[in-house]
**Q** 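Encoded as structure tokens, here's the structure I'll be asking about.
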Amino acid sequence: MPMATKSNPLFRPLLCGLVAALLSACGGSDFDTPAPPTGQTPDPVPTPEPTPPTQFVLGLLPDTQGGTDAQGQAHVAMHPMSEVLKHQAENGVNMVIALGDLTDNGSKVEFDEWISVARQYREQGIEFLPVMGNHETSYAYTVQWIDNMREFIPEDAVHMPGYEWVNYYVVRDNVLIVGLAYYNLPIAFQWIKDTVLSLEDQVEHIVVASHDGLIGAKYGQTREQIVDGTKDDGWVYDVQPQIRQFFAEHDVIYVQGHEHQYQRSLITAKTTLTTLPSGSTPTGGNYKMGAYTQIMAGNASYKGYEYRYGERELVQMVVAQKNATYDKGSEHFDVNSSLLTFTGPRVDYQSYAAPHTAKSNNADQQFSADWYLMDKFSRSNNRCETMIYPNSIHHDTRPVLVFQTQYLTTDCYAEDGTFARLIGGSNDTFNRTDTRTRSMSYTPGISRAESLMDLTRLAYQWLFIAHESWTPNLNSPMRVIPDEAEDELLIPETTIDLKEHVTLSWLGKTADTVTDRLIISGTQNQAGLYQSAYGAAKDIQSENGLPMSQTDGSHKSPVALPDSAKGSWDISNAKADSYVVQFTGPDSLEADKLLLASLQDGQWQALASADCVIEQSWNEDWLTSKPARDAACENQPLVGIDKTFGNRWWAVLNADLELALINR
């Protein structure tokens with residue numbers, strides 16, 4: 001028998017057994033805490049507060065390529081890059097993902113510039129996770145990439161065999177972060193699957209980062225390698241549906257650069273028209289929509305791209321879109337800084353933007369970014385979710401199950417038996433964007449498409465919804481047009497109204513709440529903005545959308561926004577359309593001793609005082625005409641309790657909130 005030592009697994013049970021034997025032999029009392037004097041009750045042993053989960057913050061650094069100077073020397077966009085990293089350092093970022101196209105030409109000058117900025121923040125303790133973009137792939141051969149990026153790639157990174165230093169992953173806290181080179185997602189898919197399945201008991205969140213993705217705004221591998229791809233070339237074609245399915249099942253957050261514009265969307269596992277809102281079942285609990293989140297991180301360079309091709313509405317639902325090209329009416333570029341904060345099962349996302357007019361690294365082009373919050377979400381892994389469509393859907397459009405313009409959901413359950421749902425309100429405040437006309441062509445014998453009709457089929461099979469009464473295309477009834485005269489496929493310009501991805505998420509109760517906590521997110525991200533394909537400002541209340549953008553073949557009409565619509569890209573104090581939440585606590589709780597509360601500046605505060613709570617069931621007429629209340633209640637939210645259903649509360653809200661029941 002081996003000797004028992006502290007490093008040997010036999011040590012602990014032998015030691016514990018020895019101590020137990022000694023205690024038994026001695027009667028135990030000499031080793032116990034002394035008993036209190038006769039007649040006194042011992043003080044209760046306080047229950048220790050659970051250790052709060054640690055926070056891990058990821059920063060997203062978009063493309064930093066800076067173009068060439070008068071002498072033909074390419075540079076990194078050092079001014080925008082510096083502002084992004086400064087902002088992220090100030091917000092406690094632990095790791096920065098550099099999303100490719102760090103450089104324009106992969107030259108020593110450019111790598112030296114990029115490194116000189118990044119090293120300042122690495123020396124402050126920030127890790128970097130760089131991924132190779134197409135400009136590094138084209139110009140900086142792998143040996144140059146490794147020589148320059150090796151010091152930034154984490155030492156504990158696990159590399160994909162055969163693709164060392166370009167495809168790799170790390171685990172930080174409970175987050176798996178996978179970095180992939182440009183065009184490597186399909187190549188690396190099996191490796192990603194194996195990695196996720198081997199680590200699924202250790203991580204709660206998965207972030208996959210690459211320079212490009214399956215579905216783009218200007219590019220996208222589905223368009224480039226499938227619809228517009230080469231005959232019998234299956235490296236994307238064969239795995240694209242499986243990637244969408246696997247990423248949706250594992251709740252992947254996919255982040256990318258490449259597009260020089262900001263976009264957040266959901267990519268579906270099946271199709272958007274067969275992706276139903278989620279809810280719960282008695283046996284399976286809460287379940288999510290069959291989709292994963294895709295984030296195009298925006299821009300940190302001296303160039304911007306227009307919105308081409310538009311929403312790939314067959315498999316994509318766009319919830320945020322903003323670009324600034326400093327061209328065709330756009331008066332500036334944007335620089336973007338996005339943050340993903342992981343805290344236990346929760347993720348909070350904030351994306352910031354700032355305008356600038358810099359076009360070079362000259363000293364007179366330096367600027368200080370005036371950041372504003374332009375997009376956000378908060379959610380947990382235990383959630384239900386839905387897509388709320390804008391109310392601009394034409395009244396003659398055939399009803400489709402997923403075209404929900406009201407804030408209505410099914411019940412979503414917490415672990416303590418509390419459940420909630422949305423029961424009223426209309427999506428009257430939304431953003432609108434234009435796209436530009438683009439075309440695709442084919443070459444018989446080389447292209448996957450052998451004819452113009454074949455190219456049309458591929459476009460509808462993989463990207464766009466063919467408009468029929470039973471499958472309406474909300475972006476245009478003529479989404480793609482075969483141009484027989486030019487023998488090419490046109491994707492005409494159109495106007496797209498954005499949707500809201502609304503989630504109901506649950507977290508456990510705290511010392512200040514008597515129920516689990518509900519996070520409502522996604523209601524206040526849009527403020528009634530309208531922009532051209534190039535980012536020029538347009539007025540949604542007075543300007544028509546582009547021709548053929550409505551389902552009946554007309555243009556989308558101007559929108560009468562509610563007075564609450566802020567009309568600003570800064571959503572930090574935006575108001576959502578009024579919506580109604582129903583919150584039902586466990587029957588074991590006494591409703592008369594509770595109040596419905598929200599978390600405000602770290603403190604739980606009742607939405608309305610006890611004297612202002614209406615003891616009636618919800619009446620949908622109250623969205624437009626409030627019931628009579630005492631004058632002292634006028635500045636408090638409309639809150640009620642329906643005691644016919646036990647501990648059932650309701651409230652009219654106009655912002656994303658975190659809710660729970662608290663003691664009065």
**Q** side-chain contact (heavy atoms from CB on, under 4.5 Å), that's the test. Do Phe403 and Leu474 meet it? Break it down for me.
**A** CA-CA 10 Å; Phe403 289 173; Leu474 300 183; 3.7 Å; yes
**Q** What are the two closest heavy atoms between Ala354 and Ala369, and how far apart are they?
**A**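 Nearest heavy atoms, Ala354 then Ala369: CB-CB, 3.7 Å.
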**Q** Taking the side chain as everything from C-beta on, heavy atoms only, tell me whether Ile465 gets closer than 4.5 Å to Leu273.
**A**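 Yes, side chains in contact.
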**Q** Assess whether atom NZ of Lys566 is packed by more than 12 heavy atoms of other residues, nucleotides or ligands within 6.0 Å.
**A**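 Count over threshold, so yes.
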**Q** Nearest heavy-atom pair of Leu607 and Leu659: which atoms, and what distance?
**A**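 Taking every non-hydrogen atom into account, CD1-CD2, 4.1 Å.
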**Q** Between Asp577 (side chain) and Thr429 (backbone), is there a donor-acceptor pair under 3.5 Å?
**A**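 A pair under 3.5 Å: yes.
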**Q** With a 3.5 Å distance limit and no angle check, can you tell me whether Thr409 reaches the backbone of Leu422 through a side-chain donor-acceptor pair?
**A**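 Flag set: sc Thr409 to bb Leu422 pair under 3.5 Å.
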**Q** Could I get the full list of side chain to side chain contact (heavy atoms under 4.5 Å, CB included) partners for Val315, not counting sequence neighbours?
**A**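 Val315 satisfies side chain to side chain contact (heavy atoms under 4.5 Å, CB included) with Ile215, Arg244, Thr268 only.
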**Q** Just to verify, what does Tyr305 make a side chain to side chain donor-acceptor pair (under 3.5 Å) with, not counting sequence neighbours?
**A**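 Side chain to side chain donor-acceptor pair (under 3.5 Å) check on Tyr305 returns Lys303.
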**Q** If a pair satisfies side-chain hydrogen bond (donor to acceptor under 3.5 Å, both in side chains) and one of its residues is in residues 289-298, list it, with sequence neighbours excluded.
**A**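 Every pair satisfying side-chain hydrogen bond (donor to acceptor under 3.5 Å, both in side chains) with a residue in residues 289-298: Thr293-Arg379.
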**Q** Does any N or O in the side chain of His332 come within less than 3.5 Å of the main-chain N or O of Tyr326, such that one atom is a donor and the other an acceptor?
**A**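 Side chain of His332 to backbone of Tyr326, a donor-acceptor pair under 3.5 Å: no, none is there.
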**Q** Around atom CG of Asp621, are there more than 12 heavy atoms of other residues, nucleotides or ligands at under 6.0 Å?
**A**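 More than 12 within 6.0 Å, yes.
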**Q** So which of Ile519, Leu507, Asp251 actually passes side-chain contact (heavy atoms from CB on, under 4.5 Å) with Arg383?
**A**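 Answer to the side-chain contact (heavy atoms from CB on, under 4.5 Å) test with Arg383 among Ile519, Leu507, Asp251: Asp251.
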**Q** Could you check if a side-chain atom of Pro627 sits within less than 4.5 angstrom of a side-chain atom of Leu638, using non-hydrogen atoms only?
**A**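 Yes. Closest side-chain heavy atoms under 4.5 Å.
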**Q** Who passes ring pair (Phe, Tyr, Trp, His ring centres under 6.0 Å) against Tyr287, sequence neighbours left out?
**A**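 For Tyr287, no residue satisfies ring pair (Phe, Tyr, Trp, His ring centres under 6.0 Å) once neighbours in sequence are set aside.
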**Q** Val347 and Ile253: which non-hydrogen atoms are nearest, and at how many Å?
**A**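 Heavy atoms only, the tightest pair is CG2-CD1, 4.4 Å.
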**Q** Please tell me if the side chains of Leu180 and Val131 come closer than 4.5 Å, counting only heavy atoms from C-beta onward.
**A**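 No, their side chains stay 4.5 Å or more apart.
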**Q** Please examine the side chains of Pro277 and Met387, heavy atoms only from C-beta on, and report whether any two atoms are closer than 4.5 Å.
**A**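 In short, these two side chains do not touch, never coming nearer than 4.5 Å.
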**Q** If you look at every heavy atom in His250 and Ile206, which pair is closest and at what distance?
**A**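 Where His250 meets Ile206 most closely, the heavy atoms are O-CD1, 3.9 Å.
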**Q** Is the shortest side-chain heavy-atom distance between Gln221 and Pro186 below 4.5 Å?
**A**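 Yes, at least one pair of side-chain atoms sits under 4.5 Å.
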**Q** Sub-3.5 Å donor-acceptor pair from the side chain of Trp506 to the main-chain atoms of Cys412, do we have one?
**A**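 Yes; judged by distance alone, with no hydrogens or angles, the pair exists.
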**Q** Using the test side chain to side chain donor-acceptor pair (under 3.5 Å), find all partners of Gln245 that sit at least two apart in sequence or belong to another chain.
**A**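 With neighbours one apart ignored, the set is Glu249.
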**Q** Are the side chains of Ser378 and Asp348 in touch, meaning some heavy atoms are under 4.5 Å apart?
**A**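 SC-SC contact between Ser378 and Asp348 confirmed.
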**Q** Among residues at least two apart in sequence or on other chains, which ones pass salt bridge (charged side-chain N to carboxylate O under 4.0 Å, His left out) with Asp539?
**A**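 Asp539 satisfies salt bridge (charged side-chain N to carboxylate O under 4.0 Å, His left out) with no residue once adjacent residues are dropped.
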**Q** To check you understand the geometry: which heavy-atom pair defines the closest contact between Ala217 and Gln263, and what is its length?
**A**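 What the structure gives for the nearest pair is CB-NE2, 3.8 Å.
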**Q** Are Val252 and Phe246 close enough that some pair of their side-chain heavy atoms sits under 4.5 Å apart?
**A**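 No. Closest side-chain heavy atoms not under 4.5 Å.
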**Q** Which residues satisfy the side chain to side chain donor-acceptor pair (under 3.5 Å) test with Tyr349, sequence neighbours excluded?
**A**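 Partners of Tyr349 by the side chain to side chain donor-acceptor pair (under 3.5 Å) criterion, ordered by chain and then number, come out as Tyr262, Ser338.
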**Q** Could you go through the side-chain contact (heavy atoms from CB on, under 4.5 Å) check for Met317 and Tyr389 one step at a time?
**A** CA-CA 10 Å; Met317 296 175 281; Tyr389 282 72; 4.1 Å; yes
**Q** Go through it in stages, so that I can follow the logic: the residues are Leu214 and Ile243, the test is side-chain contact (heavy atoms from CB on, under 4.5 Å), and I'd like the CA-CA distance, side-chain angles, deciding distance and then a yes or no.
**A** CA-CA 9 Å; Leu214 294 179; Ile243 294 173; 3.7 Å; yes
**Q** Would you confirm whether Gln524, through its side chain, and Ala655, through its main-chain N or O, come within 3.5 Å as a donor-acceptor pair?
**A**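 A pair under 3.5 Å: no.
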**Q** Just to verify, which of His356, Glu259, His260 counts as forming a side chain to side chain donor-acceptor pair (under 3.5 Å) with Asn299?
**A**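 So, applying the side chain to side chain donor-acceptor pair (under 3.5 Å) to Asn299 and each of His356, Glu259, His260, only His260 qualifies.
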**Q** Please enumerate all residues that pass salt bridge (charged side-chain N to carboxylate O under 4.0 Å, His left out) together with Lys538, with sequence neighbours excluded.
**A**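 Testing Lys538 for salt bridge (charged side-chain N to carboxylate O under 4.0 Å, His left out), a comparison that skips the adjacent residues, returns Asp434.
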**Q** Within the side chain of Tyr183, is there an N or O that forms a donor-acceptor pair under 3.5 Å with the backbone of Gly213?
**A**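 No, because the side chain of Tyr183 does not come within donor-acceptor range (under 3.5 Å) of the backbone of Gly213.
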**Q** Would you call Trp371 and Val335 a side-chain contact if the rule is heavy atoms closer than 4.5 Å?
**A**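 Side-chain contact under 4.5 Å: yes.
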**Q** Check whether Arg448 reaches the backbone of Gln225 with its side chain - one donor and one acceptor, N or O, closer than 3.5 Å.
**A**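 Yes.
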**Q** Between His501 and Phe377, is the ring centroid distance below 6.0 Å?
**A**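 That pair fails the under 6.0 Å test.
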**Q** Is any NZ, NE, NH1 or NH2 atom of the basic residue among Arg432 and Glu543 found under 4.0 Å from an Asp or Glu carboxylate oxygen of the other?
**A**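 Answer for the salt bridge query: no.
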**Q** Does Asp101 reach the main-chain N or O of Asp63 with its side chain, forming a donor-acceptor pair under 3.5 Å?
**A**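 Between the backbone of Asp63 and the side chain of Asp101 there is no qualifying donor-acceptor contact (under 3.5 Å).
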**Q** Evaluate Glu313 against Arg479 for side-chain contact (heavy atoms from CB on, under 4.5 Å), listing each step before the verdict.
**A** CA-CA 10 Å; Glu313 63 272 337; Arg479 196 63 178 91; 3.1 Å; yes
**Q** Side chain of Lys288, backbone of Asn381: donor and acceptor closer than 3.5 Å?
**A**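 Between the backbone of Asn381 and the side chain of Lys288 there is a qualifying donor-acceptor contact (under 3.5 Å).
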**Q** Going by salt bridge (charged side-chain N to carboxylate O under 4.0 Å, His left out), name the residues that satisfy it together with Arg436, two or more places apart in sequence or in a different chain.
**A**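 Listed in chain order: Glu306.
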**Q** State whether the side chain of Arg312 and the backbone N or O of Gly310 hold a donor-acceptor pair below 3.5 Å, judged by distance alone.
**A**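 It does hold such a pair.
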**Q** Please say which of Val652, Thr523, Ile520, Leu504 ends up in a side-chain contact (heavy atoms from CB on, under 4.5 Å) with Val581.
**A**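 Between Val581 and the candidates, side-chain contact (heavy atoms from CB on, under 4.5 Å) is satisfied uniquely by Ile520.
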**Q** Checking Arg457 now: which residues fulfil salt bridge (charged side-chain N to carboxylate O under 4.0 Å, His left out) with it, not counting sequence neighbours?
**A**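 Listed in chain order: Asp454.
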**Q** Do you know the tightest heavy-atom contact between Tyr407 and Glu500?
**A**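 Smallest heavy-atom distance, with atoms named: OH-OE1, 2.6 Å.
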**Q** For atom NZ of Lys575, is the number of surrounding heavy atoms from other residues, nucleotides or ligands below 6.0 Å larger than 12?
**A**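 Atom NZ in Lys575 is not packed in, count stays at 12 or less.
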**Q** For the CG atom on Asp396, are there more than 12 heavy atoms of other groups (residues, nucleotides or ligands in this structure) within a distance under 6.0 Å?
**A**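 More than 12 heavy atoms, drawn from other residues, nucleotides or ligands, come within 6.0 Å of this atom.
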**Q** Verify whether the ring centers belonging to His258 and Tyr182 lie closer than 6.0 Å.
**A**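 Distance test on ring centres: under 6.0 Å, yes.
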**Q** Between Thr495, Asn431, Thr433, Asp497, which is the residue that forms a side-chain contact (heavy atoms from CB on, under 4.5 Å) with Tyr530?
**A**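 With Tyr530 as partner, Thr495, Asn431, Thr433, Asp497 yield a single side-chain contact (heavy atoms from CB on, under 4.5 Å), made by Thr495.
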**Q** For Thr410, check side chain to side chain donor-acceptor pair (under 3.5 Å) against everything at least two apart and list the hits.
**A**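 Residues passing side chain to side chain donor-acceptor pair (under 3.5 Å) with Thr410: none at all.
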**Q** By ring pair (Phe, Tyr, Trp, His ring centres under 6.0 Å), which residues pair with Trp622, not counting sequence neighbours?
**A**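 Partners of Trp622 by the ring pair (Phe, Tyr, Trp, His ring centres under 6.0 Å) criterion, ordered by chain and then number, come out as Trp618, Trp650.
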